[in-house]
Amino acid sequence: FALRAPGPAPSEVVAVAHATSVGEIRTLTLPDGSLATLDTDTRIEIRYSNEARTVRVSQGRARFDVRSDPKRRFVVEAGGKLLSTQEANFDVQLARQGLCVTSLRGAIEIRSVGESSTAPVALASNAMLRFDTRGAPLAPSPAPKGADRWAQGMLVYQAVPLASVL
């Protein structure tokens, strides 16, 4: 048998990557019971420990339905930004035009990776914030009508010529 020094138990770490192929939408249950829905052609890496809940979106779009955990904020890293919340439902999309964050429910704090001294940008419920390719925020706007429908396999277009959709 082995003796262990007294003190806190070592941090248990869960680290796993998930990806969807083109045309696939998949919902995952995360270790804390939160949900992550991955859109087509999306890649994420999940890292959970006793101290942190972190997901990195490296490609595509994902929706997070975050369960409350008073001891650990939920953090998503995407496009050079850290998105942090206690409990929310939000989308993160990486595209050629930059990063887009849409809060469907709950508040989200957004800051650049490595910038802990600056005040975070607050994104309210039912709001959308885009960042250009350099990471500069554009003006926030209300979440577009139908923004939540992609997870059910539906796309909503408003004021777009039909030829652009087809």
Side-chain angles (χ1 to χ4, degrees), residues 14-15 17-20 25 27-152 154-160:
V14 175
H18 291 277
T20 53
I25 296 174
T27 299
L28 310 167
T29 301
L30 303 180
D32 66 342
S34 295
L35 300 175
T37 301
L38 284 69
D39 197 2
T40 182
D41 199 22
T42 297
R43 291 194 173 106
I44 67 169
E45 295 88 36
I46 301 165
R47 186 170 178 85
Y48 271 51
S49 71
N50 293 337
E51 296 82 30
R53 305 182 290 170
T54 306
V55 177
R56 181 173 180 265
V57 178
S58 56
Q59 178 178 313
R61 173 169 52 182
R63 169 166 301 150
F64 300 97
D65 190 358
V66 180
R67 293 186 69 181
S68 179
D69 182 339
K71 295 181 182 176
R72 299 179 299 172
R73 290 187 67 79
F74 188 91
V75 178
V76 173
E77 180 183 342
K81 304 293 181 194
L82 295 175
L83 320 170
S84 175
T85 187
Q86 198 64 49
E87 180 178 16
N89 187 327
F90 64 100
D91 290 348
V92 176
Q93 182 175 13
L94 285 173
R96 284 183 304 253
Q97 304 86 355
L99 174 67
C100 180
V101 181
T102 305
S103 175
L104 303 170
R105 176 186 49 80
I108 302 166
E109 293 181 354
I110 304 171
R111 67 179 59 211
S112 294
V113 171
E115 289 188 16
S116 59
S117 61
T118 59
V121 173
L123 184 63
S125 189
N126 294 312
M128 180 175 72
L129 183 59
R130 293 183 182 276
F131 295 85
D132 67 19
T133 55
R134 294 168 298 145
L138 306 174
S141 62
K145 185 175 182 177
D148 59 339
R149 301 298 305 252
W150 70 264
Q152 290 87 36
M154 300 198 53
L155 299 177
V156 176
Y157 294 92
Q158 296 176 358
V160 176

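Excluded from the calculations below are hydrogen atoms, water molecules and symmetry mates; all remaining heavy atoms, backbone and side chain alike, are included. Computed from a prediction, not measured in an experiment: that's the story for all the values here.
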Examine distances only and state if a side-chain atom of [X] and a backbone atom of [Y] form a donor-acceptor pair shorter than 3.5 Å.
X	Y	result
Arg53	Arg72	yes
Thr42	Arg61	yes
Glu45	Ala15	no

Quiz item: Just checking, is any N or O donor in the side chain of Thr20 or Thr40 under 3.5 Å from an acceptor N or O on the other one?
Solution: no
Quiz item: Quick one: do the Ser84 and Arg73 side chains pair a donor with an acceptor below 3.5 Å?
Solution: yes
List the atom pairs, donor and acceptor, that lie under 3.5 Å between side-chain atoms in residues 131-138 and the rest of the protein, sequence neighbours left out.
from   : atom 1 : to     : atom 2 : distance (Å)
Asp132 : OD1    : Arg134 : N      : 2.9
Asp132 : OD1    : Gly135 : N      : 3.0
Asp132 : OD1    : Ala136 : N      : 2.9
Asp132 : OD2    : Arg134 : NH2    : 2.8

Quiz item: Can you tell me how far OG of Ser34 sits from CZ of Arg67, rounded to the nearest 0.5 angstrom?
Solution: 7.0 Å
Self-check item: Spacing of CD1 belonging to Ile44 relative to NE2 belonging to His18, to within rounding of 0.5 Å
Solution: 6.0 Å
Heavy atoms only: give me the nearest [X]-[Y] pair and the separation to one decimal.
X	Y	value
Ala88	Thr85	CB-OG1, 3.4 Å
Lys81	Leu99	CG-CD2, 3.6 Å
Ile46	Pro31	CG2-CD, 4.4 Å
Ala62	Val57	CB-CG2, 4.5 Å
Pro144	Met128	CD-SD, 3.9 Å
Phe74	Val55	CZ-CG2, 3.8 Å

Quiz item: Are Val76 and Phe90 close enough, and set up right, to give a side chain to side chain contact (heavy atoms under 4.5 Å, CB included), and what steps lead you there?
Solution: CA-CA 11 Å; Val76 173; Phe90 64 100; 3.8 Å; yes
Practice problem: With the side chain counted from C-beta on, respond yes when Leu38 and Ile25 share a heavy-atom pair under 4.5 Å apart, and no when they do not. | Solution: no
Practice problem: Evaluate the side chain to side chain contact (heavy atoms under 4.5 Å, CB included) criterion for residues Thr29 and Leu35: first the C-alpha distance (whole Å), next the side-chain angles of each, then the deciding distance (0.1 Å), finally the verdict. | Solution: CA-CA 5 Å; Thr29 301; Leu35 300 175; 3.6 Å; yes
Quiz item: For atom CZ of Arg111, is the number of surrounding heavy atoms from other residues, nucleotides or ligands below 6.0 Å larger than 12?
Solution: yes
Enumerate donor-acceptor pairs with a distance under 3.5 Å from any side-chain N or O in residues 102-110 to protein atoms, sequence neighbours excluded.
from   : atom 1 : to     : atom 2 : distance (Å)
Ser103 : OG     : Gly106 : O      : 2.5
Arg105 : NH2    : Asp65  : OD1    : 2.8

